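In what follows, a structure is listed as structure tokens, so that the remarks can point back to it.
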There are 2 protein chains.
Amino acid sequence: MQKLTAQRQAILDIINRSDKHWDADEVAFALKEKGTGIGIATVYRGLAALAEQGLIESIQLADKKRYERADKKHHDHLICTLCGSIEEFCKPEIEKLQDLVAAEREFHIQGHQLLLFGLCAGCKAKES
Amino acid sequence: MQKLTAQRQAILDIINRSDKHWDADEVAFALKEKGTGIGIATVYRGLAALAEQGLIESIQLADKKRYERADKKHHDHLICTLCGSIEEFCKPEIEKLQDLVAAEREFHIQGHQLLLFGLCAGCKAKES
DNA sequence: ATGATAGTGATAATGATTATCATTCGTAAC
DNA sequence: GTTACGAATGATAATCATTATCACTATCAT
Ligand SMILES: [Mn+2]
Ligand SMILES: [Mn+2]
Ligand SMILES: [Zn+2]
Ligand SMILES: [Zn+2]
């Protein structure tokens with residue numbers, strides 16, 4: 001009984017039209033730019049609803065949640081501690097090993113989050 | 001120039017005497033129990049200072065930061081989404097693959113965090 | 001002693017997120 | 001078409017972990 005309202009559709013459109021990892025404020029701002037202003041509480045609720053339905057993906061960073069398109073295959077993230085950029089990677093062997101660890105402990109795995117922190121190529125170069 | 005004051009030593013003792021993953025409030029409460037009450041701001045600063053010096057380890061969960069003893073070898077965590085229990089595991093092959101991913105992208109890795117979410121053995125059993 | 005420096009603790013402020021609540025929308029029954 | 005109900009909206013208050021302030025204190029070197 002989760003409805004895909006006009007507001008939620010607008011949020012979904014914003015996110016689907018880019019490769020960015022959006023936080024709630026960024027989405028709210030983008031909608032305002034467009035003329036489609038939406039209450040901030042509705043943005044939060046819309047993002048949560050869309051993620052619950054699998055229409056977008058979420059990642060939990062230290063300070064806040066970010067959302068991205070769901071039409072990519074599963075991946076994890078490299079986060080630059082200097083410029084904040086977010087890169088993506090996919091390493092099925094890691095996922096296999098995670099399943100193995102869970103199986104060994106009779107842990108029923110529902111999800112995971114792997115974040116690699118460091119300096120992106122660009123920032124590494126600048127760090128003479 | 002970070003000092004190991006009496007307050008910080010008290011925090012460190014609390015954490016070193018157990019295998020728990022402590023949040024700031026739990027540490028503050030444990031200190032109060034002991035008679036060694038410490039201002040909550042000092043607890044936060046003390047935990048941050050101790051972690052910076054490598055005397056304790058921190059993990060960032062969705063809602064809050066938790067701290068644990070630093071005298072174990074590196075490990076990652078399995079988190080039960082039902083009872084909140086935290087188990088630990090160590091899988092060097094995963095760490096190797098992480099380094100490989102970073103190297104491929106010329107990303108200078110500084111740290112990582114791998115969380116596996118799901119049901120612990122106990123909770124899985126109860127879920128008839 | 002005199003500073004310089006860092007730490008403490010009470011409390012205010014911050015910032016992301018969630019709760020409240022009156023109002024509105026969408027749809028299904030009458 | 002009107003009514004009725006559940007869900008959604010939006011303005012705003014509340015929550016909660018954490019950080020910032022600021023006056024005061026402890027430590028240590030000159
Ligand atoms: Mn991504
Ligand atoms: Mn641990
Ligand atoms: Zn960077
Ligand atoms: Zn459990």
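Numbers restart at 1 for each chain; the letters A, B, ... are given by sequence-line order, proteins then strands. These numbers come from a predicted model, not from an experiment.
Here the side chains of Leu115(B) and Asp76(B) are not in contact, with every heavy-atom distance at 4.5 Å or above. Contact of the Lys91(B) side chain with the Leu114(B) side chain is not registered, since no non-hydrogen atoms from C-beta on lie closer than 4.5 Å.
Taking atom CG of Leu31(A) as the reference point, atom P of dT9(D) lies 12 Å away to the nearest angstrom. Atom pair Glu26(B):CD and dT18(D):C1' shows a separation of 16 Å (rounding to whole Å applied). Taking atom CG of residue Leu47(A) and atom C1' of nucleotide dA8(D), one finds them 15 Å apart after rounding to whole Å. Rounded to whole Å, atom C1' of dG15(C) lies 16 Å from atom NZ of Lys65(A). The interatomic distance linking Gln60(B) (CD) with dT18(D) (C1') rounds to 10 Å, in whole Å. Remark: P of dG7(C) and CG of Leu50(B) are 11 Å apart, rounded to the nearest angstrom. Between the CD atom of Gln9(A) and the P atom of dC25(C) there is a distance of 19 Å, given to the nearest Å. Leu4(A) has its CG atom 12 Å from the P atom of dT27(C), to the nearest Å.
Residue contacts for Thr5(B): at a heavy-atom cut-off of 4.0 Å it reaches the sugar-phosphate backbone alone, with no base atom in range. Among the heavy atoms of the strands lying under 4.0 Å from Arg45(A) is at least one base atom, whether or not backbone atoms are also near. Residue-level contact check: Asp63(B) touches the backbone only, with heavy atoms under 4.0 Å from sugar-phosphate atoms and none from bases.
Remark: Gln7(A) is not in phosphate contact with dC25(C), judged by side-chain N or O atoms under 4.0 Å from OP1 or OP2. At least one side-chain nitrogen or oxygen of Thr42(B) sits closer than 4.0 Å to the OP1 or OP2 atom of dG9(C). Listed pair Tyr44(B) / dT19(D) fails the phosphate criterion, with no side-chain N or O lying under 4.0 Å from OP1 or OP2.
Residue-to-nucleotide proximity on DNA chain D shows that, of Asp23(B) and Lys3(B), the 5′-proximal contact is made by Asp23(B). Ranked by how close their nearest DNA chain C nucleotide is to the 5' end, Ile40(B) and Ala24(A) are led by Ile40(B). Projected onto DNA chain D by closest heavy-atom contact, Gly39(A) and Ala48(B) fall at different nucleotides, the more 5' of which corresponds to Gly39(A).
Comparing dT8(C), dT18(D), dA11(D) by their closest approach to the side chain of Ala41(A) singles out dA11(D). In the set dG9(C), dA16(C), dT9(D), the nucleotide with an atom closest to the side chain of Lys64(A) is dA16(C).
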Pair Arg8(B)-Leu55(B), side-chain contact (heavy atoms from CB on, under 4.5 Å): steps then yes or no | CA-CA 11 Å; Arg8(B) 290 179 184 175; Leu55(B) 297 175; over 6 Å; no
Arg69(B) vs Asp19(B), side-chain contact (heavy atoms from CB on, under 4.5 Å): CA-CA, chis, key distance, verdict | CA-CA 7 Å; Arg69(B) 283 164 39 208; Asp19(B) 271 311; 2.5 Å; yes
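Here the options are Glu26(B), Arg66(B), Glu57(B), Glu88(B), the test is side chain to side chain donor-acceptor pair (under 3.5 Å), and the partner is His21(B); only Glu88(B) passes.
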